[in-house]
Amino acid sequence: MPELPEVETTRKGIKPYIQDQRVTKLIIRQPKLRWPIPLSLHDMQGQKIRSVKRRGKYLLLETDQGTALLHLGMSGSLRVVDADSAHEKHDHVDIVFANNKAIRLRDPRRFGALLWTVDDPLQHKLIRSLGPEPLSDAFNADYLFKQSRGRTVSIKQFIMNGHMVVGVGNIYACESLFKSGISPKRSAGKVSKKRYETLVLMIKEVLADAIEQGGTTLKDFVQAEGKPGYFQQQLNVYGRMDDDCLVCGSTIKKITQGQRSTFYCGTCQR
DNA sequence: CCCTGAACCTGACCGC
DNA sequence: TGCGGTCAGGTTCAGG
């Protein structure tokens with residue numbers, strides 16, 4: 001489910017409820033996520049949330065004693081609920097706060113993660129080697145062009161690689177390439193500098209627009225307060241196989257790249 | 001280092 | 001209604 005805009009939407013949604021709030025209780029109904037939830041996470045109890053940050057698709061809940069790292073995987077969502085409200089299937093964790101609110105992690109497929117680190121979270125193994133934030137100045141055409149030289153992978157898989165740039169998942173990779181007029185099949189190493197200029201701009205534009213719209217709700221993404229996102233109304237190619245291209249009218253195609261579906265317009269994208 | 005494909009897991013949907 | 005196959009918004013890891 002969640003790419004960067006959905007995670008950022010979630011971050012913004014939970015922050016007002018938990019910033020400076022003290023964790024009173026941790027309820028772990030299912031510890032088996034991508035990795036087991038560590039017992040040390042209980043050290044979070046009694047701590048105040050000092051900041052609610054995001055790095056790539058990871059949420060960082062910082063306290064004085066350590067930081068919770070939270071990833072939503074493919075099917076995860078976080079909602080703010082009343083602490084005593086009834087949980088449903090796949091509601092694996094509640095982090096309960098002194099204000100009687102809780103953030104509740106639901107993740108049917110359990111590809112998400114919830115970890116605890118007492119060290120600098122940015123130096124954590126999973127975070128350390130991540131590429132730049134797509135909306136930062138560090139993510140620019142010079143950088144991406146240099147990284148791409150000599151690489152034979154498709155441009156689509158290249159921009160989805162979190163070590164190159166974080167946060168660009170399957171939907172927004174497809175959409176950014178469409179807006180850039182670049183074929184998803186082209187080798188990353190053969191894309192010109194000029195086209196990387198465009199691509200970087202389009203990635204930034206698509207992600208920023210999606211954040212403004214509260215993310216994309218395909219089936220079950222919800223914001224922290226339970227509302228869906230609205231960016232799906234602006235999708236040009238994702239999920240539109242056999243539909244007409246909104247720009248040129250030709251038929252949108254679907255192929256598989258790196259075990260993921262890619263949607264594109266063979267006329268607009270070269 | 002680079003690339004590819006398996007693995008992790010559940011649920012929805014489709015065709016028979 | 002049931003059954004099997006396919007697909008799904010992510011990422012790590014093993015092997016070549």
Practice item. With side-chain contact (heavy atoms from CB on, under 4.5 Å) as the test, would you mind laying out the steps for A:Asp243 and A:Thr251 before giving the verdict? Key: CA-CA 6 Å; A:Asp243 286 354; A:Thr251 306; over 6 Å; no
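- Among residue pairs with one or both ends in residues 187-205 of chain A, those qualifying as salt bridge (charged side-chain N to carboxylate O under 4.0 Å, His left out) are A:Asp142-A:Lys193, A:Lys179-A:Glu205; sequence neighbours excluded.
- Judged as a salt bridge (charged side-chain N to carboxylate O under 4.0 Å, His left out), the pairs with a partner in residues 15-38 of chain A (not counting sequence neighbours) are, in order, A:Arg29-A:Asp94.
- At the phosphate of C:dC7, neither OP1 nor OP2 sits under 4.0 Å from any side-chain N or O atom of A:Ser261.
- Regarding contacts with the backbone of B:dG11, a side-chain N or O of A:His90 is found under 4.0 angstrom from either OP1 or OP2.
- Between the CG atom of A:Leu235 and the C1' atom of C:dA8 there is a distance of 15 Å, given to the nearest Å.
- Comparing C:dT12, C:dG9, C:dA8 by their closest approach to the side chain of A:Glu3 singles out C:dG9.
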**Study point:** Worked verdict on A:Glu62 versus A:Arg50 for salt bridge (Lys or Arg N to Asp or Glu O under 4.0 Å)
**Key:** CA-CA 5 Å; A:Glu62 293 186 318; A:Arg50 297 298 185 188; over 6 Å; no
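- Residue A:Trp35 holds its CH2 atom at 12.0 Å from CG of A:Leu114, rounded to the nearest 0.5 Å.
- Across all strands, A:Tyr238 comes closer than 4.0 Å only to sugar-phosphate atoms, never to a base (heavy-atom distances).
- We find that CD of A:Gln257 is positioned 13 Å from P of C:dA8, with the value rounded to whole Å.
- Applying the side-chain contact (heavy atoms from CB on, under 4.5 Å) test between A:Val7 and each of A:Arg55, A:Arg54, A:His71 identifies A:Arg54 as the sole match.
- The number of heavy-atom neighbours closer than 6.0 Å to CG of A:Asp120, taken from other residues, nucleotides and ligands shown, is above 12.
- Taking 3.5 Å as the limit, the base of C:dA8 and the side chain of A:Arg109 contain a donor-acceptor pair of atoms between them.
- Following rounding to the nearest Å, A:Gln30 (CD) and B:dT10 (C1') show an atom-to-atom distance of 12 Å.
- For A:Lys125, counting side-chain heavy atoms from C-beta on, the closest listed nucleotide (C:dG10, C:dC13, C:dG9) is C:dC13.
- Whole-Å rounding puts the A:Gln213 CD to C:dG9 P distance at 21 Å.
- Rounded to whole Å, the distance from CZ on A:Arg260 to C1' on C:dG10 is 6 Å.
- Proximity note for A:Lys89 (side chain, C-beta onward) versus B:dG11, C:dG9, C:dC7: the nearest is B:dG11.
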Just list the side-chain donor-acceptor pairs under 3.5 Å for residues 42-49 of chain A, sequence neighbours left out, or say none.
from    : atom 1 : to      : atom 2 : distance (Å)
A:Gln45 : OE1    : A:Leu26 : N      : 3.0

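- Taking the ring centroids of A:Tyr143 and A:Tyr196, they lie at or beyond the 6.0 Å cut-off.
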Review point. In dot-bracket form, how is DNA chain B paired, counting a Watson-Crick or G-U wobble pair only if both its distances are under 3.5 Å and using | for bases paired to another strand?
Key: .|||||||.|||||||
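- Straight-line distance from the CG atom of A:Asn161 to the P atom of B:dC1: 13 Å, rounded to whole Å.
- An aromatic stacking contact between A:Phe111 and the base of B:dC9 is absent, as defined here by ring centres under 5.5 Å apart and ring planes under 30° from parallel.
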Enumerate the protein-to-nucleotides 3-6 of chain B contacts in which both atoms are nitrogen or oxygen and the separation is below 3.5 Å.
from  : atom 1 : to       : atom 2 : distance (Å)
B:dC3 : OP1    : A:Thr152 : N      : 2.6
B:dC3 : OP1    : A:Thr152 : OG1    : 3.1
B:dC3 : OP1    : A:Val153 : N      : 3.3
B:dC3 : OP2    : A:Arg151 : NE     : 2.6
B:dC3 : OP2    : A:Arg151 : NH2    : 2.6
B:dA6 : N7     : A:Gln259 : OE1    : 2.9
B:dA6 : N7     : A:Gln259 : NE2    : 3.2
B:dA6 : N6     : A:Gln259 : NE2    : 3.3

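- Between the CG atom of A:Leu4 and the P atom of C:dG10 there is a distance of 11 Å, rounded to whole Å.
- Going from atom CE of A:Met241 over to atom C1' of B:dC13 covers 14 Å, rounded to whole Å.
- Closest to the side chain of A:Arg34, from the set C:dT11, C:dG9, B:dC9, is C:dT11.
- Electrostatic pairing of A:Lys57 and A:Glu6 does not count as a salt bridge here, judged by no charged N lying under 4.0 Å from a carboxylate O.
- For residues 80-91 of chain A, the pairs satisfying salt bridge (charged side-chain N to carboxylate O under 4.0 Å, His left out) are A:Asp82-A:Lys101, A:Glu88-A:Arg106, A:Asp91-A:Arg106, with sequence neighbours left out.
- Nucleic acid contact class of A:Tyr58 (heavy atoms, under 4.0 Å, all strands): sugar-phosphate only.
- Of the candidates B:dG11, C:dG10, C:dT12, the closest approach to any side-chain atom of A:His71 belongs to C:dG10.
- In this structure, A:Lys254 reaches the C:dA8 phosphate: one of its side-chain N or O atoms is under 4.0 Å from OP1 or OP2.
- Heavy atoms of A:Lys32 sit nowhere under 4.0 angstrom from any nucleic acid atom.
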